[in-house]
Colleague: 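What follows is a single structure, and I will ask about it in a moment.
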There are 2 protein chains.
Amino acid sequence: MSEAEPSTAPLVGLAAAILAATLDEPRVLTVPVADQPEGRTEGLPAGPLEPAHPTLERGLRAWVERQTGQSLGYVEQLYTFGDRDRRRGGKGDVGLHALSVAYLALVREARPAADSAWQSWYRYFPYEDRRAGRTDDLDAIAARLAAWAEAASSPEARRRRGDRIGLTFGAAGSGWNEERVLERYELLFEAGLVPEAGADLDVSPLTGRPMAHDHRRMLATALGRLRGKIKYRPVVFELMPPAFTLGQLQRVVEALSGILLHKQNFRRLVAHQGLVEETEAVTAETGGRPARLMRFRREVLLERPAPGLRLPSNRTG
Amino acid sequence: MSEAEPSTAPLVGLAAAILAATLDEPRVLTVPVADQPEGRTEGLPAGPLEPAHPTLERGLRAWVERQTGQSLGYVEQLYTFGDRDRRRGGKGDVGLHALSVAYLALVREARPAADSAWQSWYRYFPYEDRRAGRTDDLDAIAARLAAWAEAASSPEARRRRGDRIGLTFGAAGSGWNEERVLERYELLFEAGLVPEAGADLDVSPLTGRPMAHDHRRMLATALGRLRGKIKYRPVVFELMPPAFTLGQLQRVVEALSGILLHKQNFRRLVAHQGLVEETEAVTAETGGRPARLMRFRREVLLERPAPGLRLPSNRTG
DNA sequence: GGGTAAATGCTCATATTGAGCATATACAGG
DNA sequence: CCTGTATATGCTCAATATGAGCATTTACCC
């Protein structure tokens, strides 16, 4: 972003959360960012909207390609952020607006280019990875959040904070809801448990590393959206190679959603929905009986109203 | 919107699809718009983002209040449109961008103020109202769309157009999907069956009346989002009075979704989910046995992960 | 008192889920 | 060759959820 201009029109930026999944790790493409507070040295590919850009999305693709060399396939607009990180106008209190239109992109290949890098997205949200089954990290976060709730001024406010903690981090009957990524991040933000909100950098092992600007918020939005979308749209296949085993597919879904699934039920679901079809090939792979290679059945888009992976139960199997 | 300024920064507008439901009719709040092509005299409340606005949403609320006197309750960002209706720069081909951040708002009361007016939203999308059970309107649209598909240059393109028609207007196994409001509108747009895309105004009885700028597209986005959202979030209650009967609730849901529901199953669903609780009162109402008045059970938000009205079957009952 | 119009209560057959048990087929080692 | 170990696959079973109706109850209108 360049220096301030003598205009009342807002600056409009474009930013992309570019996601991929390699092995069992979900990734996000980051670029180095200078001139930021301590520890916030990574950001999402981003750049200002320019008059030469025919559309917002085309502008985004141009910036991403320029900064990372990556060309995008599936792209979807996420949200327009305009409330924070406002640009200072000149002197007064009232700054000019700096909007950011954030996008979600899904890609297959993961070859880093230029000085961009693929990072596990759980680097920024460690607590979103529930696959290990441990709960000590959540317990630690819960303790800090409880303290924050207690610190509220009125009993009413305490109750509201407590409800919100239960709702987002799971305590009431609802339990953990993997889609509420943004709500959890915003709660941690308000509770002052992330560096962006004034916390010390050493909360990072617990609440994750910060990003430049408000990019961590954008990434949280992207994860939540993706986790929701795989349930009713076959977007996972944007992340898979042309041929894959059901085990691989499951492991990618688990990596994205951060929870473990019941194996037999997962394959029943995939089969029942007609999301995939068998190929001739099988693969030796890791250990165990060879698995049949499958491919995405594109026709499913015409057959079902909402073809997706309505995540079955969690738990292993 | 004011005149062009000597800057390369884009203009950013804010627009709101403010929805309500009175009786059996879903409504949208419109304002008169001048300087538009024939027939496009209505638009959504909208105005430019100004430096004085602390946030996008606050700016939106300010504009709506100024133009319609309506104060907003539930507000949610929908989408940022930037590709069409671009502002001409000075002479050349390359114009400056004109972005519009569109919002969805839900309100209860429906008292029009200033020169704004509540309109049934099926005025703009008549074919989205499937409650009557007739299909002659869809047949007529299907015929025109079929002609458009036939007019494609290659067999491949014809097939793709046909698939898309089936997917959006329902033909294949999928049938009518009430959420695909935007996809249907965009298909009609591309097929040149709406005035905004060059069609004559007399297609309006079939494909609906146009709006100023790209506001009809925004409204379509809002309807689709709302129709989807009532299934997993209790947003309908934003449109209901504090106390209501299950019959009224059902009629509002039907009005929003444009389809009829099975009465007994609907009430079973609402009850099972714990979305409402009984009050002491009953009401005489129209004809028939008096109905118990219910109220929204706010606690459901803490109990269920996705409390909503997963629309049961259609058909009457 | 009879007819009409909801509002409610219940039943039943069919899917859809959540959890497991049991088998099949590789590979690594001894 | 035989024994684990690690997946991949097949199937079963109980608990729910969903789609369609039938039957009653309780007003209001003639």
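So that the names make sense, note that chain A is the first sequence line, chain B the second, and so on, each numbered from 1. These values consider heavy atoms only, across backbone and side chains, with no hydrogens, waters or symmetry-generated copies.
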Colleague: For A:Gln248 and D:dA6, what is the distance between atoms CD and P respectively, to the nearest whole Å?
Modeller: 19 Å
Colleague: Return no unless some side-chain N or O of B:Lys263 is found under 4.0 Å from OP1 or OP2 of C:dA6.
Modeller: no
Colleague: If I take atom CD in residue A:Gln264 and atom C1' in nucleotide C:dT23, what distance separates them, rounded to the nearest angstrom?
Modeller: 12 Å
Colleague: Could you check whether A:Gly287 gets within reach of a base, just the sugar-phosphate, or nothing at all, counting any heavy atom under 4.0 Å?
Modeller: sugar-phosphate
Colleague: Between B:Phe244 and B:Phe237, is the ring centre distance below 6.0 Å?
Modeller: yes
Colleague: Under a 4.0 Å N-O cut-off, is there an ion pair linking B:Glu277 with B:Arg298?
Modeller: no
Colleague: Rounded to whole Å, how long is the line connecting atom CD of A:Glu278 with atom C1' of D:dG10?
Modeller: 13 Å
Colleague: Output yes when at least one side-chain N/O atom of B:Arg292 is less than 4.0 Å from OP1 or OP2 of C:dA7, else no.
Modeller: no
Colleague: Whole-Å distance between D:dG10 C1' and A:Leu246 CG?
Modeller: 13 Å
Colleague: Which nucleotide wins on minimum distance to the side chain of B:Thr245, given the candidates D:dT26, D:dT9, C:dA7?
Modeller: C:dA7
Colleague: B:His262 has an atom NE2; how far is it from atom P of C:dA6, in whole Å?
Modeller: 16 Å
Colleague: Are any of the side-chain nitrogens in B:Arg292 or B:Glu278 under 4.0 Å away from the carboxylate oxygens of its partner?
Modeller: yes
Colleague: Can you find a donor-acceptor N/O pair under 3.5 angstrom joining the side chain of B:Arg268 to the base of D:dG19?
Modeller: yes
Colleague: Does any N or O in the side chain of B:Thr30 come within less than 3.5 Å of the main-chain N or O of B:Ala117, such that one atom is a donor and the other an acceptor?
Modeller: yes
Colleague: Check the distance between D:dC11's C1' and A:Asn265's CG and give it to me in whole angstrom.
Modeller: 12 Å
Colleague: Taking CZ from A:Arg289 and P from C:dT25, how many angstroms apart are they, rounded to a whole number?
Modeller: 5 Å
Colleague: Inspect the surroundings of CZ in A:Arg233 and state if more than 12 heavy atoms from other residues, nucleotides or ligands are less than 6.0 Å away.
Modeller: yes
Colleague: What is the distance, rounded to the nearest whole Å, between atom CG of B:Leu261 and atom C1' of D:dT18?
Modeller: 13 Å
Colleague: Is the shortest side-chain N/O distance from B:Arg267 to OP1 or OP2 of C:dT8 below 4.0 Å?
Modeller: yes
